[in-house]
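Heads up, the thing below is written out as structure tokens.
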Amino acid sequence: MDGNSTVNISDISNGSNITNGSALASSGILVATKEGIIVAYGALVLLAVLPIIIGSIRSVEFLKKARVSKKAGEEVDVISTKDAMMFPVFASCALFGLYIVFKALGEQYVNWLLNIYIYIFSSVALARALGVILRPILSLVIPKRSFYFLLLDMEEDKHQQLRSQVYELTGAVDEKSKRAEKYQSESEQEAPRAPETEKAASPTAASDPIMAEESFDYINVICLVLAFGFGTWYLIQKHWVANNILAFSFAINGIEMISLNKVFNGCTLLSGLFFYDVFWVFGTDVMVTVAKSFNAPIKFVFPMDFLENGWFATNFALLGLGDIVIPGVFVALLLRFDHSRAQGSRLYFFTCLFAYLFGLSTTIFVMHYFKHAQPALLYLVPACLGFPLLLALVRGELKALFSYEDHESEEVTADADSKKKDQ
């Protein structure tokens, strides 16, 4: 990756997308052996499918926690129908904006700024993924101690009371408060007593006093250090293995945490990005220019000369994360729909996963045959939407599929509550 500024397949510049949906392409001049190309494309398919499977499974547990938070009165972020409709517009503005910035300022400074930004977020995503993997092992040898950060907005005279309660809960000795109390008692003995006056009741705070809160433990710290170590390795070396580790964690977290809420939103989002991808790849040079200028872990790469050069390979096939995360959140939604029916079947999930494999394989075949960058969503969207919708139509479950919601709307919840009261 480092130093491969020219992206060429049969004298055609190609690249991967920055936002959502991308061209599947190769970097460097295509001189790899047939075996090397098969290994590279096979690895990319595997790297694309694994985050979708892992992220989809984790999204089920994430939804359970989100529902608990919603019942507790907390807001839950989901993609609404309006968000899904506007997303291709915002993505187009972001893409074209990057195109202008790259043209005006050059690649070096823009890439430096964007890499710092992505370095932080991808490292945090990796730390989160490492926590899931390492926690069962590290918890056997690392003491279970939690740290709790709480930022409060409260009256000054309440601080000491809160401090005392914290020491009381933890069972620790507050030496500072003891010294303060001793000094205060000595001062009161020396000074004449003032007549007691009735204390005015302090007004009740109208707003939530907790401005910010976060908890973490030793395992979180270890995972964060390891993750930022990988991120630093990528910043310094731009090695393809470091790139893939960060991109893998990014993809898993995106698929797990992004909620389409209902199938209609997913169909709207994917359909809009279908036209977005086709336009910016075939209609202009914007997608390709930005993609080959932007050197960051927002894509999976695998060397086509891996069999010859291994770790030090330089001729890469690549696939943008947009071609994984966008269809992946729809696949995850169908897994949650399968879970909601409590029938033990994962039919819609496996159907959509197969559709994704079919669409991605078709993209690779067409790209390799025509030696031209392909907007992957051109093939992925019809497959990922068509297969499960056709299945639902044949099984007579189309209404049930479109009626499913991760989180019920305010109107539906209010109607359900009113019916319970009437009964």
Side-chain angles (χ1 to χ4, degrees), residues 47 50-78 114-153 162-163 165-172 208-237 239 241-259 296-298 300 321 324-325 328-329 332:
L47 285 170
L50 281 178
I52 292 178
I53 295 174
I54 297 171
S56 297
I57 294 171
R58 289 179 60 177
S59 75
V60 176
E61 189 62 31
F62 187 82
L63 175 62
K64 293 177 183 177
K65 294 177 181 177
R67 283 175 173 170
V68 171
S69 299
K70 188 173 183 180
K71 286 180 180 178
E74 297 180 20
E75 282 193 29
V76 177
D77 291 328
V78 297
L114 291 175
N115 267 285
I116 293 296
Y117 176 79
I118 293 176
Y119 159 71
I120 295 171
F121 279 91
S122 58
S123 296
V124 171
L126 178 57
R128 194 169 180 273
L130 285 174
V132 176
I133 299 169
L134 299 179
R135 182 167 294 277
I137 302 168
L138 294 179
S139 59
L140 299 175
V141 294
I142 293 178
K144 295 179 181 179
R145 298 284 294 178
S146 294
F147 305 94
Y148 194 63
F149 171 79
L150 191 63
L151 183 62
L152 299 173
D153 178 16
L162 178 63
R163 179 187 176 89
Q165 289 175 351
V166 169
Y167 276 95
E168 185 180 340
L169 284 171
T170 57
D208 188 350
I210 299 178
M211 299 175 65
E213 60 179 320
E214 189 62 51
S215 61
F216 59 94
D217 56 17
Y218 289 119
I219 296 176
N220 293 133
V221 174
I222 291 171
C223 292
L224 199 61
V225 170
L226 289 174
F228 274 95
F230 274 111
T232 305
W233 175 30
Y234 172 77
L235 274 182
I236 296 171
Q237 295 292 329
H239 198 277
V241 173
N243 173 93
N244 288 347
I245 290 172
L246 294 174
F248 196 87
S249 58
F250 230 154
I252 290 175
N253 279 271
I255 294 168
E256 174 189 357
M257 300 175 72
I258 297 174
S259 173
I298 44 87
F300 281 124
L321 289 189
I324 301 167
V325 175
V329 295

Across all chains, not counting sequence neighbours, the side-chain contact (heavy atoms from CB on, under 4.5 Å) partners of V60 are K64, L335, R336, H339

Heavy-atom nearest pair, A127 first then A227, reads N-CB, 3.5 Å

When every non-hydrogen atom of L47 is compared with those of F300, the smallest separation belongs to O-CE1, 3.3 Å

Rounded to the nearest 0.5 Å, the OG atom of S122 sits from the CG atom of L321 at a distance of 10.0 Å

So CG of L134 and CG of L138: to nearest 0.5 Å the spacing works out to 5.0 Å

Decide side-chain contact (heavy atoms from CB on, under 4.5 Å) for I219 and S139; before the verdict, give the C-alpha distance in whole Å, the side-chain angles of both, and the deciding distance to 0.1 Å.
-> CA-CA 8 Å; I219 296 176; S139 59; 4.1 Å; yes

What's the verdict on side-chain contact (heavy atoms from CB on, under 4.5 Å) for L50 and F248, showing C-alpha distance, side-chain angles and the deciding distance?
CA-CA 9 Å; L50 281 178; F248 196 87; 3.9 Å; yes

Taking every heavy atom of I255 against every heavy atom of S59, the minimum-distance pair comes out as O-CB, 4.1 Å

Heavy atoms of I52 and G328 approach each other most closely as CG1-CA, 4.0 Å

Here the pair of heavy atoms bringing A251 nearest to V325 is CA-CG2, 3.9 Å

Legend entry - Pairwise side-chain contact, N115 with Y234, heavy-atom cut-off 4.5 Å (strictly under): yes

Rounded to the nearest 0.5 angstrom, the CD1-CD1 distance for I324 and I298 is 10.5 Å

By ring pair (Phe, Tyr, Trp, His ring centres under 6.0 Å), F230 pairs with (sequence neighbours left out) none

### Message
Applying side-chain contact (heavy atoms from CB on, under 4.5 Å) to L224 and N220, what does each step give before you reach the verdict?
### Response
CA-CA 6 Å; L224 199 61; N220 293 133; over 6 Å; no

Q | Mutual orientation of the aromatic rings belonging to W233 and H239 [parallel < 30°, tilted 30-60°, perpendicular > 60°] | A | parallel

dist F228:CZ -> I120:CD1 (nearest 0.5 Å) comes out at 6.5 Å

Value for CD1 (I133) from SG (C223), rounded to nearest 0.5 Å, stands at 9.0 Å

The complete set of salt bridge (Lys or Arg N to Asp or Glu O under 4.0 Å) pairs with one or both residues in residues 121-137, sequence neighbours excluded, reads R128-E256, R135-D217

Taken to the nearest 0.5 Å, the spacing of I118 CD1 from S123 OG works out to 11.0 Å

Closest non-hydrogen contact found for N253 with A125 is ND2-O, 3.1 Å

